[in-house]
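Read the structure below first, then the notes.
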Amino acid sequence: MLRTPPHRGRRRGIARTFQNVELFRSMTVLDNVLVGSAHTDSTVPWRRRARRAMEVLDYVGIADVAGRPAPSAVRT
């Protein structure tokens, strides 16, 4: 895979996973989730991705902070 162009890997259902788990500090929690979905769901309309992102945030119990800036939503 090291010499395979990214578009060929995607055609085979293989995607990159970025290991950096830093938040985009100037964005909301929801926006941070949407950034990740843009790479895997680029053909899906934005509203549908946003709805799915909210479902995921609800599933993990943080839908209530979706509109907050990411750094202020971190729970310790």
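The structure displayed is predicted, hence computed values, not measured ones. Numbers for residues simply follow the sequence, beginning at 1.
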At their closest point, which heavy atom of A66 faces which heavy atom of T28, and how far apart are they?
->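 So the two residues come closest at O-CB, 3.5 Å.
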Test applied, side-chain contact (heavy atoms from CB on, under 4.5 Å); reference residue, M54; option that passes from V33, L34, L30 =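 Answer to the side-chain contact (heavy atoms from CB on, under 4.5 Å) test with M54 among V33, L34, L30: L30.
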Establish whether W46 and V29 are linked, either directly or via other cluster members, by ILVMFWY side-chain heavy-atom contacts under 4.5 Å.
->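 Both belong to a single hydrophobic cluster.
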